[in-house]
Every structure is written in C-alpha cells, then in structure tokens.
Amino acid sequence: MNTAFLQTPIDYLKGVGPNRADLLKKELGIHTYQDLLNLFPNRYIDRTRYYKINQIQQSNAEIQVVGVITGFKEIAQKRGKRLVATFQDDTGTMELVWFRGQKWIRESLKLNTPYVIFGKTNWFNSKFSMPHPDIETTEDHKKSLSSGIQPIYPSTEKLSNKGISNRVVSKIVQQLFLETKGKFSETLSPFLLSELHLISKSEALLNIHFPKSQELLSKAQLRLKFEELFFIQLQLILKNLIHKSKIKGHSFEKVGNYFNTFYNEYLPFKLTNAQKRVLKEIRADLGSNAQMNRLLQGDVGSGKTIVAFMSMLIALDNGFQACLMAPTEILSAQHYNGLLEWCKTLNINIEILTGSTKTSIRDKIHKSLENGDLQILIGTHALLEDKVKFKNLGLAIIDEQHRFGVAQRSKLWHKNISPPHILVMTATPIPRTLAMSVYGDLDISIIDELPPGRKEIKTVHRYDKNRLNVFRFIKDEIKKGRQIYIVYPLIKESETMDYKDLMDGYESISRDFPLPYYQISIVHGKMKPTDKDYEMQRFINGDTQIMVATTVIEVGVNVPNASVMIIESAERFGLSQLHQLRGRVGRGAEQSYCILMTSHKLTNDSKTRLDTMVRTNDGFEIAEVDLKLRGPGDIMGTQQSGVLNLRIADIVKDKDILQKARYYAKAVLTKDPTLTSIENHKILNTYKAMSKFKNIWNYIS
Ligand code: ADP
Ligand code: MG
C-alpha cells in the first residue's frame, strides 16, 4: 500500500464515521490511516500461556490459570463482606475474591468444574489471590479464543466513556488491514533487513497489532523500534553533514608558536588522556574547512578550562581572536584571573568585559578588539552586545551552556562575516544516548577522566535529628581552616516558603556559629546582584567561613578551600542538581565532604537519589540514574522533549537498538551520502515521504 493512500482521513474508514473520527483525532491525535496504523499497543495480554499455580510469581502480572473451585466462604470485613473461593489445580491452591456481585457469582459458578480464570494476582495472607477474575468454563474458553495475544491500545477516559473500548479500536485496526490487504511498503533497504535479521514492514505491522506468537511480537517490536530510531538518526546525521558542507569555517592550518611554546614550556601539569583526546578532536575540527560546532562535556573539575585555553591558542596561532563567555560575572572573573598568568608569560593580550566594566575601559576594549590588538576576550552576556565588534573572531567558547540558549549561540555566530568555530562546554553530563538523540547538530567530545590525585568527595546522608553532630563536624573543619557551604532548596512554586526556610536556617546557624568567632555569608536570589557579588567575594577571599545560600551558587564557583557542602532538604533536589552542588567542593588538596540532610519521610525516588549520591561521584553514572528516574523529557526540559516523543522505542530501555540505529545510519550515509543508490531506494523514499507528511519529523527543529 503506498504512502499517499495512507494519508486518507480516518473518517473514510468503514466503522469510523464522523463522531468517532472526531474523538480519535482529539483524544489520540489520529487523523489519517497512517496514524491509526502507527497507534501501537501499550502492552499485550498473553492468553496463549497457562500458568500452573506453583509458577505464579509475586509480580502482579495478568495471567491465566486452569483449575477448579473446591469451596466458597464469606468473610466479614469493615464494610459488608467479601466472597472467597478456593481455586485449585494439580500444583496448588489460590483464592478468587469478589467484593461485589457475590450473589450472582455464587449461583452461576459450579464446584469441581474446570474453569479458565484470567486476571491480576495479589500476594495476600501468604497466598496468591485474584480479585474479580475473568472466568469461563474450559469449553467456552476454547470456543471464544480468537487471538492468543491481545493488544491493549492507548486510551483515554473520554474514549472509553464514549464507547470506544479497546475492542472497538482493535476492530477498526482490523478494518484497516482488510482495506489495505495488510500490504505496506517496505521502508528499509535489503541490506539492513538481512544484516540485522529484521522482518518485513508488513509482517511487523501485522504482528504488532495482531501478534501470532510471542516470538513474532518481539521481532515486530525490534523491527519497528529500529526503524523509528534509524530514521531519526539518519535525519540528525544528514542535518549535520549538510551543515558542514554549507557552512565554511576558517581553516586553522597550523599549530604555531603560542601553542607549542605553551605546550613545551609552560604546561602546568601533564594532560590527562581524556584531555589529549578531546584536544585532538578539536584540532581536527579547527583544521578542516567546516565550521566547528562542538559540545564539550566534562564533569566538574575534569579540566575543561585548559582545553579551552589551548584551543584558543590555535586560533591565535592562525592570526585570529578568541572569546570565552561565562554566565556570571564571578565565573568570568575566575576564568580571566586563571588565564591571565598564562597569557602574561606568552605575551598575549587578554581582557575581561562584563556589565560592570567601566565605560572608559569598555571603550578601550572595543577599540582594541576592532583593531585586532586584543587577542582574547573573556566575559558575560556583555560580549553579545552589538557594540562589541571583533576584527576577526575565530573561536568562541561558551562555558556552562545550560545557562545560555541556542539563540545566544547563534548570536555569537554573527559576530563575524563568516561564523567562528564554536565550542560549548558543559559540566552537566548528558547520558550518551540522550545526547545522541538530541544534539544531532553538535559533535560531542567527552572528558571522562579526572586529573590524577583528586580525592573522592565523601558523601553521607544524615537525618535532621543528627544536626548537632553535623554542626560539631563543621566546627572541627572550620578549626582546620576550611570553609563550608550550606545550601537550601529554592523552587519557584513555593518561593516564599523556601525563602522562609532559608532565613530560619540562617538565623539558627548564626546562633550556633556566633560572631565574632564565625563569619557567615548569605546569598540568595532576592538580593541585588551587587550585594550578591559582595557576599560571594567575601567568601572567596576567605573573610567568611560559612556560606549560606540557595542554589544560586550552583554554577561553576571555584573556592578550593571550601571542603564541606551541606545540602538541606536534600530530598527535594533533583539528582543532577545535587551532583552540581557537590561539585563546588573537592577542588583543593584537602579531603572534602558532602552531607545530605533530609527529614525522615522519604519517597522511593528520593531514596534512590540519595543512595546514588552516596555511592558514586561519577557524573555520567548519576546522569544515567537520573534519566531512568525522570525520563528524557524532564531531563532536557520541555522545549526539547518533543524529540523524545517516540512512538515505540524508548531511549532508556532500547539503548542497544539506538546504538545500532546510529551505527547503521552512519554506515549507510558514509557509503551513499545522497541515498541515491538502488539499494537505498526505499530508505530515500521513506525519508522523503516522512519530511513531506511531517509524520514524526515535525518535532525535530
Ligand atoms: P572544569 O572542567 O570544572 O572547568 P577546571 O578546568 O576548572 O575544571 O579544572 C579543575 C582544576 O583541575 C583546576 O585547578 C585545574 O588547574 C586542574 N587540572 C586540570 N587539568 C589537570 C591535569 N591534567 N592534571 C592536574 N590538574 C589539572
Ligand atoms: Mg569550569
């Protein structure tokens, strides 16, 4: 059946009609035959398998059992009574339970007559029981058994209220198969089908809706999941290739004096293997004719800064300027101060530009940028202002990209006649699978190794009632000359309450850590930026020992002497946020600690989060757990979650299939970039049709 036919409005299908069509559109987004065909069941009920009572496991799945009722009893309970039947097969006994309709059950069911029961089981009073089972005699069961594995389709309350039951949906789908004779165009190439042992499209669609066996159902699922992920990867990779062929970048052909001198004479430490690998990847990009668009992921403290600096040196070696943009004044200043020493030794002109830069200095910076004297500019959003014009910006680096959007990325692009190379650095690890599905337009480099000799941060979980012990510990650390962070949650929805928590906390801490023995900084979102900076600066300078704050300190602040991070109400933070916060300590030579304070009441999810934090310091492992807990949509935020609205595949559970899909999408495009070979004819057709009808593609930006 060709693709155009499948665009027929659903109203035309026999058995649908305008009312049902309307409901299907509104409730399930089904407008066309194609949409209905792609309405894949959420789950299946396997009625081909009969369980013996001793095979039942405590999994609460729907199962069916053959046996006989050997007796009834009535049991009184709070309200009314329940009817319990003892049900038995040759391996054991279980109970059937009814809370309603007991009279009718009692009258219609016979003792010692073989029945097939079907339903969910519970483990109750050390026995399995099945409340309100579907029940029929074995004879009726034999007659009624139409399809063994029953699909359960997605539904809504409205649909079932209006009589569009699962059975009706199944009937409509059946009608669709009748009208199309169950023949659907193949979408994958013969090579992929045979290489991956995939069943044909028609067979897969038939078995996803009407599985003939568990085995065929699994094959159908595999085939359709692969297809879905394959075409997404194809699209992402094609976009990237097109981007590269269209957008010429500056080719930095040589690695010259700046880089070599620094590398040979001033490198302050041996680079880790991960840093070397990433630098090579960046160098290769900068030396090609295409514009670099790369995401550099590396956990806090993994050493992204020096990679950024050495990349800038390559730009300078080729006569270009470079800039580094950070989300806050403090971070910009830290970068500036960090790079200043190196720049002095190399005789490089570097400046910092932020919102608070004085006009006289600002003017000077503008001039020297335009005439090319200024080689490296560090700063905040201020770099994006129109007045900031480079003579020849070759490389723009953005630190902590989650604070900037794609829009800003593109603004930097237009700072030049031809766009500079772009390197985006982030300390928020994104699981590879997710990055693969979302950041198709960015190449990805990962620093997955910490510099040697780093002491693992020790993380513990403490309940509120142990607060006194925790305070004692803090005092000991302060005695040793260390500094302490105490962080309170701040969520938009309950801002006033959180603010009160913070202030109450601050007061009680001030009582336990009194002046003049202890100095305390406080920083939160309601303060003026200048006050905030002032308080931060006091802590950075070591004038205060304790920093009480909301999550505003999350991003990048570097105070190596701070060795304890206390997170209050830790159960209210997300995993990635906890990890980010913990990353504020462990930056110096001393042993660092992270203490997660919580109340006694914890949900399972918060327990998992806390356990994960205590167990590991590995940002990628934490990100994987986070992905499992929250799902991809929540992790990436709403704008991007659309990409992950997959129809059948699940990027967490189907990671292996995703990897395969990506591998083969790359392989196919490497051999045949335009997909014009006869072999890839079907892939190209599908790809074109998908873009034309905007099936699943409209969600990819
Ligand atoms: P981040 O990736 O969080 O930006 P930084 O670049 O700030 O990390 O590096 C963290 C600290 O580790 C800095 O003090 C830096 O000098 C140091 N560092 C980076 N790379 C190495 C290395 N290869 N060996 C030793 N120390 C390193
Ligand atoms: Mg950093």
Side-chain angles (χ1 to χ4, degrees), residues 262-282 294-313 322-343 345 350 352 376 378-380 396-404 423-430 444-457 483 485 536 540 553-563 565 576-577 579-592 594 617-620 622-623:
F262 182 73
Y263 189 80
N264 295 326
E265 289 170 37
Y266 300 112
L267 203 60
F269 35 66
K270 220 170 137 250
L271 296 178
T272 63
N273 285 331
Q275 285 171 320
K276 282 188 206 157
R277 187 188 62 236
V278 165
L279 259 175
K280 262 191 208 143
E281 288 166 356
I282 293 171
R294 190 169 277 281
L295 178 69
L296 172 56
Q297 286 193 56
D299 222 334
V300 274
S302 61
K304 294 183 291 293
T305 315
I306 195 154
V307 171
F309 181 65
M310 292 173 79
S311 308
M312 293 201 257
L313 293 183
C323 72
L324 169 59
M325 184 164 83
T328 64
E329 298 222 345
I330 290 190
L331 278 176
S332 307
Q334 270 179 7
H335 275 310
Y336 174 73
N337 293 326
L339 301 189
L340 190 59
E341 288 304 306
W342 294 337
C343 285
T345 45
I350 180 171
I352 176 167
I376 296 180
I378 312 284
T380 55
I397 300 179
I398 306 174
D399 195 11
E400 312 283 3
Q401 66 115 32
H402 272 80
R403 295 292 159 121
F404 297 107
L423 181 67
V424 180
M425 303 196 293
T426 173
T428 311
I430 303 163
I444 299 172
S445 290
I446 298 179
I447 304 184
D448 50 6
E449 183 185 353
L450 290 180
R454 206 51 70 77
K455 285 205 180 89
E456 284 250 310
I457 301 165
Q483 288 167 286
Y485 290 106
M536 288 268 210
I540 293 171
I553 58 144
E554 193 182 324
V555 176
V557 176
N558 189 20
V559 183
N561 190 47
S563 66
M565 166 63 66
S576 68
Q577 219 177 3
H579 181 62
Q580 285 290 312
L581 286 170
R582 177 168 60 183
R584 297 304 113 218
V585 296
R587 306 190 145 224
E590 309 302 330
Q591 176 63 54
S592 290
C594 173
N617 272 293
D618 178 340
F620 282 95
I622 289 168

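This structure is a prediction, so every number in the text was calculated from the model and none was measured. Counting starts at 1 for both ligands and their atoms, in listed order.
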> Donor-acceptor pair, Lys455 side chain versus Ala589 backbone, under 3.5 Å?
Replying inline: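 Yes.
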> Is a side-chain donor or acceptor of Gln275 paired with a backbone partner of Gly303 at a separation under 3.5 angstrom?
Replying inline: yes
>> I'd like to check the side-chain contact (heavy atoms from CB on, under 4.5 Å) partners of Ser445; sequence neighbours left out, ordered by chain and number.
In response: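 By the side-chain contact (heavy atoms from CB on, under 4.5 Å) rule, Ser445 matches Val278, Glu281, Arg294, Leu296.
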> Which pair of heavy atoms, one from Asp299 and one from Asn617, lies closest together, and at what distance?
Replying inline: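 Smallest interatomic distance, heavy atoms only, reads OD2-O, 3.8 Å.
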> Got a sec, which residues hit salt bridge (Lys or Arg N to Asp or Glu O under 4.0 Å) with Glu329, two or more places apart in sequence or on another chain?
Replying inline: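 With sequence neighbours excluded, Glu329 shows a salt bridge (Lys or Arg N to Asp or Glu O under 4.0 Å) to no residue whatsoever.
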> Name the residues in contact with ligand 1, where contact means a heavy atom under 4.0 Å away: which are they?
Replying inline: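 Only Phe269, Lys270, Leu271, Thr272, Gln275, Asp299, Val300, Gly301, Ser302, Gly303, Lys304, Thr305, Pro451, Arg454, Arg587 have heavy atoms that fall under 4.0 Å of ligand 1, ordered by chain and number.
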>> Could you work out, with ring-ring contact (aromatic ring centres under 6.0 Å, His included) as the rule, every residue matching Tyr336, not counting sequence neighbours?
In response: none
